Amino acid sequence: MLCLIGCGSKTQVLTKIQIQKVQIPNELLEFDRASKPIVQNEKDILKAYSELFYHYKQCEINIDKIKELNQ
């Protein structure tokens, strides 16, 4: 039995504690680093933004997969 006393005026008693360990695959924790673009014209700017957005989406997908594993 564990009694918790906090900032509130009510004391709570925990009767069950569950520890859950989730193994996250390494491929979800790694990503390809975006290289620093060499920009000389507007086409290079568009390409740089496209690559940046691609890397952002890959991170977003990996975070969503990690959230699924935690549920």
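Here the structure is a predicted model, which means the values were calculated and not measured.
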Keeping to residues at least two apart or across chains, list the salt bridge (Lys or Arg N to Asp or Glu O under 4.0 Å) pairs with something in residues 35-50.
-> none

Taken to the nearest 0.5 Å, the spacing of His55 NE2 from Ser35 OG works out to 7.0 Å

Apart from Tyr49 itself, what residues make up its hydrophobic cluster, given side-chain heavy atom links below 4.5 Å?
-> Val39, Ile45

Report the residues that fulfil side chain to side chain contact (heavy atoms under 4.5 Å, CB included) with Ile63, sequence neighbours left out, ordered by chain and then residue number.
-> Lys67

Leu69: partners by side chain to side chain contact (heavy atoms under 4.5 Å, CB included), with sequence neighbours left out = Val22, Pro25, Leu28

Sorted by chain and residue number, the salt bridge (Lys or Arg N to Asp or Glu O under 4.0 Å) partners of Glu60 (sequence neighbours excluded) come out as Lys57

Report the hydrophobic cluster partners of Tyr56, with the cluster defined as I, L, V, M, F, W, Y residues connected by side-chain heavy atoms closer than 4.5 angstrom, directly or transitively.
-> Phe53

Ile38 side chain reached by Gln40 side chain, heavy atoms, under 4.5 Å = yes

